[in-house]
Amino acid sequence: MSQSSIIDNALDSLRRRTSLRDSLRIFRSSSKDSIKSTKSAKKRPSSSYQPYAVYEQTMFPIILRDPEATTKLLEAILDSPNGRRSLSRLARTCRAFADPALDVLWRELDSIIPIIGLFPGHLLKKTRKPGMGLSRLPKDDDWKAIIKYSERIQRIAYDESANNIAPSIFSILEECRPTTYILPRLQELTWKVDTPAALDRCAQIPKINDFLADMASRTKLKGFSFISPTSLPDAFTELLAAQDGLEKVVLVAPGALSPGVGRWVAALPHLKHLQLDLTGRSPIAVEGFFDDIRPRSGDSTPSSIGSRDSGVFSGEELDFTEIRKSALRLTGDLPSKGSFTKLRKLQLTGEVANIAVFLKHLDSILVHLELVIEDPPDNADWQDLSELICDRFAASLQSLRITATPSSRFADLVRSTSRAEPPTGRLSLEKFSGLSSLARLEVDLPESVVFTPADIETLAKACPKLEILKLCALSRFPPPHSPKLSLESLAPLMVHCKRLHTLAVVFHATSGSEKLLKSQEVSSPSLLRLHVGHSWANDPLQISILLSHLAPRLELLKWFQEKNRVGFIETHAKNWQTVSETLPHLQALRSTEKSFIVAPAPPQEVIIETSEKGVDATVSTTSQGVLAQVELVDAEAQFSPVLVSVEIEATTDHSEISIDATTPTEEVAVLAQPETVSTAVSAIVHPVFQDSFSSTSKSEGLPIHRPLPSALVLSSLMSLLSFAYRCATMPVSLTSRILHFALSRLQNITRTTETNSAQSPNSSTNGEAPTHIAPEPTESIPLETLQVRQ
């Protein structure tokens, strides 16, 4: 919020018609009247004397009647350039403004030097440098000024790295203090030290635990800041357990991400501002900060929302925790966690990945977010962080500031040399979306200074309520590497951001296109301040024309003019000087031309002639009745059933049918008399007597020869030998018979194949004659052994 808006709100709350100038005029007139009245009172008799309270009441300014409006007005003066000097002069000029001005002036101190400066001048070693120490020990009367102003001090800070305070002062304050507590109304203490000795000077006690215990027992703090290279005390959370009114907590020390500290910070009901350092921590350590936030949340029961237990003894089961939370979040039945409920401002330092892990566990309505990141960040981690910020805090976030850690500033020093490489790091803003409440965006990085027109267009559409935009205004682009942004590429900001009044960005200013100069939408009446830094400028006249079109009400144009500044280019500086001299004349010319435009006359009202007439709207009514009498008729009906007897004869008809199922038979006789031929061969040398042993065959008339006894013996002997031989060779003969049978079958198949092939056309053309094989003779069966059917 700007200073003018703060003053306007303060004056509007007075509920009066007179302005601030009128109130001062009234104050001036009332003071003159009071002086005149005091002079006349001396001349008048004592009976007309009026007490001084009457004059004090008339001199009281009207603006002081509303303490809240007075405080806002004085705070606006304090935030202005040389604000402390103006408030001190106001307090010394007017007694009515003295107390309110001194309260605002001494309420917050960034050093203890102003307190030391309240000692008498003869005690200080150097009057203009109170931090050098005291030349001798102060007495009780020397503490009067300190006791007077110490009751107004609510916040104080000490930074050892400034090295502007002598260590001997702390021992003098401890030994010679007239009261137990020098700052009885202290609410916030910031003690930045680099050594344990400086930490002990905080209360001149050997242990920090004793200091925290003493402080927590007698004070009620609103802010607590602990920045130290040493780790937090073991009983840190127990010592500060009673400080439940803290609104600001800053913890930059080892051990600040422990689960116990996370539980203590989350339990603070009025916490609004939190600052943590995540540098050098692992993602697991960052997640451990939230492990003990809800130790008694009831998630161990099966019916709880965050429980993973289904109530059934099972080894493995699906986790429906997130599904339950999403469903209840949509219906509005999800209960609040009760942690970080009032957190509005968050400041995190460290890697982008750790910051994303921390923000995933927050459901607070953040208004201000400040990120101190390692530059350049990883592109994938930065894209994830951008999406996370837009998803969780898009509706509430009003201020976003992105700066670099001190270790990342070293690259800026290297690039400032003549041999340094041009800046190539890019911080993409294309993932920004839906930041409907964002009013202030500041990016100040040493390496990631390159922005594209696509980033500007995305940012303009995502942040329609943007008022202050600063994109690395201190960046440098040595020749021949010019900035990728141009003055014309800033047109989307003029179109979509209707409240933008301060813009700081480095670009390459060129002449505008004809289409842009003819567009009335790109002319922004709200842009008042433009900081171009080390921007490039080639044609001053064309730049002035385009700039007067984009910002017709521009009041302040700022650029770097110091020749000893690193990255200074004298040509561009001279061109911007020419633009600043030409621009007011072009703006005056444009406003004069606009005044010549005659506004269209409002349409004349068409007067319609009217006449008054009276109309009798009396409604005529008629009464009418209807007789609805029901007529009744009695009727009787006689009915009797007619009975009929019927008999049905159900005799079954029978019929007999006989079927001859005799199977017809037929006898057929087949004469199967084979022809046989008997042949006998005699191998005997002796005369052979042919005999027929058949009883049924006819005799041929041959004589019967009877063999000799010697022949019979020899025949019997040969038969016996033949039988023995057959018995001995029976296995071999049986095998030979089987082989003989198989060969005969194979020969028959071969003959059949050859016969078929001989009958084919191919065989006929070759001239091969068919081969006829005579069948093998088989054994003869005598006909006498067959029985003939009679």
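Counting begins at 1 with the first residue of the sequence.
- Neither side chain, Gln398 nor Ser437, offers a donor N or O lying under 3.5 Å from an acceptor on the other.
- A salt bridge links Arg426 and Asp455; the closest N-O separation between the charged side-chain nitrogens and carboxylate oxygens is under 4.0 Å.
- Contacts of His496 classified as ring-ring contact (aromatic ring centres under 6.0 Å, His included), with partners at least two apart in sequence or in another chain: none.
- Checked for salt-bridge contact, Asp384 and Lys431 miss the test: no charged N lies under 4.0 Å from a carboxylate O.
- Applying the side chain to side chain donor-acceptor pair (under 3.5 Å) criterion to Ser535, with sequence neighbours excluded, gives no partner residue.
- Under the ring-ring contact (aromatic ring centres under 6.0 Å, His included) criterion, His531 pairs with Phe560, not counting sequence neighbours.
- Atom NZ of Lys498 has more than 12 heavy atoms from other residues, nucleotides or ligands within 6.0 Å.
- No close placement of the Phe451 and Phe507 rings is indicated, their centers lying 6.0 Å or farther apart.
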**Message:** Applying salt bridge (Lys or Arg N to Asp or Glu O under 4.0 Å) to Asp363 and Arg392, what does each step give before you reach the verdict?
**Reply:** CA-CA 7 Å; Asp363 293 331; Arg392 289 184 173 268; 3.0 Å; yes
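- For Leu556, the CG atom sits in a packed shell: over 12 heavy atoms of surrounding residues, nucleotides or ligands are nearer than 6.0 Å.
- In this structure, CZ on Arg553 lies 10.0 Å from CD on Glu555, to the nearest 0.5 angstrom.
- By the 6.0 Å contact criterion, CD1 on Ile468 is enclosed, its count of non-hydrogen atoms from other residues, nucleotides or ligands being greater than 12.
- One distance of note links OG of Ser399 with CD of Glu370; it measures 8.0 Å at 0.5 Å rounding.
- Interatomic distance, CG of Leu547 versus CG of Leu530, reported as 6.0 Å (0.5 Å rounding).
- A side-chain donor from one of Ser548 and Arg590 sits under 3.5 Å from a side-chain acceptor of the other.
- Aromatic ring orientation, Trp536 versus His572: parallel (interplanar angle below 30°, classes split at 30° and 60°).
- Here Glu467 does not pair with Lys465 in a salt bridge; the nearest charged N to carboxylate O distance is not below 4.0 Å.
- Here the side chains of Gln154 and Lys222 are not in contact, with every heavy-atom distance at 4.5 Å or above.
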